[in-house]
Number of protein chains: 2
Amino acid sequence: MSPSARRTGRPRSAEADRAILGATRAALVELGWAKLTLGDVAARAGVAKTTLYRRWASKCELVVDAIAAAFDEHLEATDRGSLHADVEAVVIRLGALLQRPETGTALMAVIAEAMHDEALRCRVRSAIVDRQKRLVTVGRERARLRGELPREEDPQESARNADLIFDTVAGAVLHRLMISAEPVDPRWARDFTDLLLYGLTGADSGGAAAGPAPQGAQKPAGSV
Amino acid sequence: MSPSARRTGRPRSAEADRAILGATRAALVELGWAKLTLGDVAARAGVAKTTLYRRWASKCELVVDAIAAAFDEHLEATDRGSLHADVEAVVIRLGALLQRPETGTALMAVIAEAMHDEALRCRVRSAIVDRQKRLVTVGRERARLRGELPREEDPQESARNADLIFDTVAGAVLHRLMISAEPVDPRWARDFTDLLLYGLTGADSGGAAAGPAPQGAQKPAGSV
DNA sequence: CCCTTACGCTACGAGCCGTAGCGTAACTCA
DNA sequence: TGAGTTACGCTACGGCTCGTAGCGTAAGGG
């Protein structure tokens with residue numbers, strides 16, 4: 001529906017939107033996903049419960065919009081001069097974002113719900129996932145210009161690789177924080193970046209040989 | 001409490017346990033996490049609701065036990081002769097496991113809840129996470145014996161690396177399936193394994209590095 | 001001034017939660 | 001065999017949240 005289609009009548013209060021989304025984040029911090037009720041959010045925001053239901057069909061969609069704002073605020077791909085530094089920075093940033101009490105937990109819960117709700121999945125994708133994915137695209141483009149990565153001819157294969165890297169980076173950070181329940185500190189970020197850039201066989205992250213000199217020549221004979 | 005401490009009185013029905021856990025998995029498939037109610041599970045299992053509450057304190061703990069069985073059944077580290085093949089097999093296996101309608105979704109939801117519940121986090125850790133982590137340990141040990149990976153002296157650093165690899169592999173699969181909502185097919189498994197082993201920069205860009213690449217020398221990881 | 005839309009407020013039926021109470025079933029030990 | 005102990009099935013209940021309906025009022029547009 002275009003904005004011009006809603007010219008008549010009382011306009012929706014933009015301030016109410018901000019208040020509701022803010023109250024949602026606050027409630028997520030204090031109560032967590034499970035104990036968060038829409039009635040409570042409405043009370044915190046100072047609006048009627050019915051107003052909330054007029055704008056969002058379900059708790060999930062509300063929370064998606066609430067945390068999407070946090071993702072937009074805290075995710076940007078800054079140029080740090082090298083692919084290694086860029087990846088490391090993104091990992092730290094994403095870790096800090098998911099470590100916040102309202103984002104990571106809520107994202108997990110919403111994703112879980114989205115497996116049974118196609119519309120919600122689309123909303124999550126456009127509001128959160130696709131925007132994160134852009135970081136990978138931008139970072140790879142910069143690395144290519146620096147000569148750190150080879151050129152890619154096939155655009156389809158390029159997209160596939162971008163998805164692969166995105167899943168690897170974001171997945172590792174998410175898993176570390178949510179499932180292993182351990183912090184994404186600078187050392188882990190460095191170790192992971194080494195692993196991502198040089199691989200298991202190449203660099204022994206943490207040890208003496210962390211340089212880009214892969215000793216991967218000692219591959220197995222019977223690979224199959 | 002040791003099993004000998006409960007010798008007197010009527011013993012708990014082991015069949016009821018199986019029925020309840022089975023009913024939980026079935027209900028997860030049909031209803032999903034959000035719409036799953038304990039009353040419904042009890043009805044499916046043919047037991048009284050009170051029996052259910054006597055054994056599990058909450059919906060979360062019940063579901064943890066229910067999906068932990070699935071993890072135990074479908075996760076084993078089979079020796080396929082090379083590190084590359086082993087990793088690929090684990091990725092496929094884990095993907096198939098998380099793709100089942102009752103496991104992945106429920107795991108996400110439970111993890112989300114566990115962020116606010118220390119006891120539940122411990123339960124998840126011992127029932128699911130630690131057992132998965134053993135796959136990494138076993139696989140790396142085999143690779144070391146084959147000479148595919150260097151020896152590690154520092155046990156502490158070794159544990160850190162195992163955690164890192166675990167988060168990277170499991171996280172990537174989880175993210176691919178749950179958040180990107182794309183399948184973990186053989187091609188993706190191969191691409192990811194290449195990335196994990198040879199890294200973003202390594203791979204075939206150097207030419208000889210990926211020489212002994214098994215089946216399919218058109219390894220695309222270099223064109224990252 | 002009328003029309004349209006949004007808002008606040010109240011009230012309501014519905015559903016699930018988690019527990020209490022009771023009588024019965026199963027198993028152990030003396 | 002009988003007493004003690006524990007688990008089970010069943011019913012019922014207060015409490016909470018949900019999502020909606022209805023009403024009167026506020027804020028814009030033609």
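Scope of the values below: all heavy atoms of this structure, side chains included, with no hydrogens, waters or symmetry mates. The chains referred to below are lettered A, B, ... by the order of the sequence lines, with proteins before strands, and numbering in each begins at 1. Everything numeric in this text was worked out from a predicted model, so none of it was measured.
- Rounding to whole angstrom units, NZ of residue B:Lys35 and P of D:dC18 are separated by 16 Å.
- One can place CZ of B:Arg12 at 16 Å from P of C:dT28, the figure rounded to the nearest angstrom.
- Rounded to whole angstrom, the span from the CD atom of B:Glu15 across to the P atom of C:dA26 amounts to 13 Å.
- The two residues B:Glu88 and B:Arg190 have their closest heavy-atom pair at OE2-CB, 3.6 Å.
- Taking a 6.0 Å sphere around CD of A:Glu182, one finds it holds more than 12 heavy atoms contributed by other residues, nucleotides or ligands.
- Using a 4.0 Å cut-off between charged side-chain N and carboxylate O, A:Asp79 and A:Arg146 make a salt bridge.
- Nearest heavy atom pair, residue A:Ala34 against residue B:Glu113, reads CB-OE1, 2.9 Å.
- Atom CG in A:Leu36 sits about 18 Å away from atom P in D:dC16, given to the nearest Å.
- Atom pair B:Leu62:CG and C:dC17:P shows a separation of 11 Å (rounding to whole Å applied).
- Put simply, the side chain of B:His84 reaches to within 4.5 Å of the side chain of B:Tyr198, judged on heavy atoms.
- Using a 4.5 Å heavy-atom threshold, the side chains of B:Arg44 and B:Asp40 count as touching.
- Nearest to the side-chain atoms of B:Leu38 among the listed nucleotides D:dG9, C:dG18, D:dG19 stands C:dG18.
- Whole-Å rounding puts the B:Leu52 CG to D:dG9 P distance at 10 Å.
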Problem - Annotated protein contacts, base or backbone, on nucleotides 20-30 of chain D with a non-hydrogen cut-off under 4.0 Å, one of B, S, - each - result: BB----BBBS-
